[in-house]
Amino acid sequence: MEYLKTEGYYDLNINIEAFNDDCREIALKYLYSFGYRTIAINHSIDDRNLETNKKKKGRDSLGAPDCLPKIFDIELLKACASKLGLSNFTFLTRLTIIFSNRDNIQKIIKSPNFKKFDLIAVTPVTHTAFMFTCSNLDADILSYDPENKISLKLSRKLYFQLVDKGYHFELLYSPAIQDASKRKNLIHLSHLYHSFGKSKNVIVSSGAEHHYLIRSPYDIISLGQLFGLNELQSKNAVLHSTRNVVVNAVGRRHGKAVMLVENLEPEVSIQEALCAESSDEDMNEEEPAQKKSKKNAYLVQDPYTQIGCAHDMPL
Amino acid sequence: MVRHKNRYIVVQIGLLYTKENTLMKIPHELIALSIKEKVQQLHGDFGEAAIRAGFTAKYCNEYTRIAIIRVRHGPHRLVTSSIPFIRKLNKIKVSMSILYIGATIRKCFSFIKQYQEQSFEKMCDQYKTPEELEAIRNVITDFEKILKSI
């Protein structure tokens with residue numbers, strides 16, 4: 001539940017390579033000094049490579065092999081952060097699935113490691129894969145491949161279909177720093193988002209492989225000018241929308257309605273509090289951002305608990 | 001219903017160092033490519049990426065050397081600002097001039113029709129026989145197919 005109380009700024013895509021043993025401390029310090037408080041460590045998986053792996057492993061062992069990479073140990077980072085005295089730093093894990101075929105995606109979803117990831121991003125490569133994403137695939141982020149030209153046929157209808165499903169559209173700025181063609185692809189895509197959906201639900205993250213490719217969130221806000229975002233939108237792209245991604249992801253993992261029960265009066269003894277909790281579902285709605293959960297949530301007056309409101313949440 | 005606004009730019013490709021009425025075959029892609037290069041030169045990566053969506057160029061007519069370019073509304077300013085700087089199409093020295101910028105293909109159609117008829121009358125004095133005239137007229141006014149393909 002700690003993920004409901006994350007703080008900004010957010011960078012929801014930093015590759016694992018940036019946190020190798022030799023540069024972990026520097027990277028963390030670097031991120032913290034810029035004002036990032038929530039970061040997601042990215043693992044990407046390509047379903048084209050998956051095929052070959054599957055065959056090899058299939059011969060070796062009969063048990064279903066886990067096709068997903070091993071999750072990066074967040075505790076390592078947490079320990080490192082506390083050693084450096086960086087408080088309020090949240091770490092998430094994220095999986096980016098690059099896929100072209102809907103059969104492979106089923107294998108990935110069924111694998112036991114899949115549920116351990118906090119955020120799921122998808123990068124459909126072909127049009128059929130994209131249609132499949134729009135119709136029935138639950139994930140948080142729609143990412144893109146910065147190296148190739150955008151081959152997806154977006155439309156206004158599909159864009160809003162994705163928005164309704166809770167998707168956010170990701171733009172990666174650090175590949176764009178490196179290379180001209182990646183830069184063009186980024187700008188092209190961001191303009192497409194602008195023209196199809198008024199840049200709704202757009203988030204900007206780094207996608208960095210080294211810490212020196214990460215830029216300050218304030219710089220990114222001014223970078224939004226290039227992507228057809230206005231000032232508010234580009235601020236939201238690193239702050240509000242990204243927070244929604246994290247909250248939605250908790251919702252996706254636990255079913256739609258997420259509630260947080262919290263005792264705000266410290267005097268109440270533990271026993272009484274337990275009674276109050278178990279007697280009925282006296283729960284507090286703790287999620288102003290999600291409409292769906294609002295519908296499901298109900299508030300019951302209770303002497304021991306207070307209603308948690310929007311101002312209890314950070315941001 | 002929200003739609004994309006397009007802009008259709010009608011340009012004339014003027015040839016330097018050649019006679020007025022020489023036939024010039026220019027592939028469609030060449031025009032698009034040279035415009036893109038020029039936009040890259042003047043507006044950088046941003047400009048090139050911005051005009052990428054829905055950008056096509058078609059060469060319309062060999063006799064009057066008219067081409068028509070489609071761009072999205074908004075980035076069309078980047079294109080129109082860089083068209084005057086085009087000096088070469090694949091080593092051939094040219095000068096491009098914008099004749100008309102329209103919002104619909106229909107408007108462009110009526111403009112080109114008018115323009116072609118005017119230029120046909122200018123050409124008339126070269127060709128004497130009525131058969132020749134008729135042939136030329138057909139060639140000049142035959143641009144509907146190309147407009148439809150845009």
Side-chain angles (χ1 to χ4, degrees), chain A residues 127 130 144-164 169 171-202 204 219-220 222-230 233-234, chain B residues 1-9 27-58 68-83 85-86 101-108 148-150:
Chain A
H127 188 61
F130 179 60
Y144 74 102
D145 180 11
E147 280 179 31
N148 298 326
K149 272 195 177 180
I150 289 96
S151 56
L152 306 178
K153 278 181 187 163
L154 265 172
S155 74
R156 192 181 152 81
K157 193 184 150 203
L158 292 175
Y159 191 97
F160 281 96
Q161 208 173 329
L162 286 172
V163 168
D164 287 343
F169 301 87
L171 301 172
L172 303 172
Y173 65 83
S174 84
I177 298 173
Q178 292 168 294
D179 187 68
S181 68
K182 289 174 188 170
R183 199 176 309 144
K184 281 174 211 161
N185 286 336
L186 168 72
I187 295 169
H188 176 51
L189 183 72
S190 65
H191 285 194
L192 285 182
Y193 287 159
H194 175 81
S195 61
F196 283 114
K198 293 179 185 168
S199 301
K200 216 178 181 190
N201 279 10
V202 163
V204 181
D219 292 346
I220 295 164
S222 34
L223 198 67
Q225 183 89 44
L226 278 184
F227 306 147
L229 306 169
N230 61 28
Q233 278 173 327
S234 47
Chain B
M1 181 56 193
V2 187
R3 66 192 174 90
H4 299 291
K5 283 184 185 170
N6 285 324
R7 283 294 176 269
Y8 300 91
I9 305 167
H28 300 308
E29 301 81 32
L30 187 61
I31 299 168
L33 195 74
S34 55
I35 291 172
K36 255 188 202 169
E37 270 173 13
K38 206 39 109 177
V39 170
Q40 155 82 30
Q41 210 177 64
L42 289 166
H43 300 281
D45 289 335
F46 174 82
E48 206 189 328
I51 64 164
R52 201 190 269 175
F55 179 72
T56 50
K58 283 273 157 78
I68 184 163
I69 303 156
R70 185 186 69 188
V71 258
R72 286 276 148 81
H73 177 248
H76 76 280
R77 288 171 184 283
L78 304 178
V79 177
T80 48
S81 64
S82 36
I83 280 178
F85 291 94
I86 293 174
I101 300 171
T104 55
I105 200 92
R106 184 186 277 262
K107 278 277 175 191
C108 281
K148 269 178 192 163
S149 70
I150 275 190

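Naming: A, B, ... by sequence-line order, numbering from 1 per chain.
- Ring planes of A/Phe169 and A/Tyr159: parallel class, angle under 30° (limits at 30 and 60°).
- Nearest heavy atoms, A/Gly224 versus A/Ser234: CA-CB, 3.9 Å.
- Just one of B/Val71, B/Ile86, B/Ile51 meets the side chain to side chain contact (heavy atoms under 4.5 Å, CB included) condition when paired with B/Val39; it is B/Ile51.
- Applying a 4.5 Å heavy-atom cutoff, none of the residues of residues 72-83 of chain B approach chain A.
- Taking the six-membered ring for Trp, A/His188 and A/Phe227 have ring centres at least 6.0 Å apart.
- Heavy-atom contacts from other residues, nucleotides or ligands closer than 6.0 Å to CD of A/Gln161 number more than 12.
- Only the side chain of A/Leu192 has a heavy atom closer than 4.5 Å to any heavy atom of chain B.
- A distance of 9.0 Å separates NE2 of A/His191 from CG of A/Leu186, quoted to the nearest 0.5 Å.
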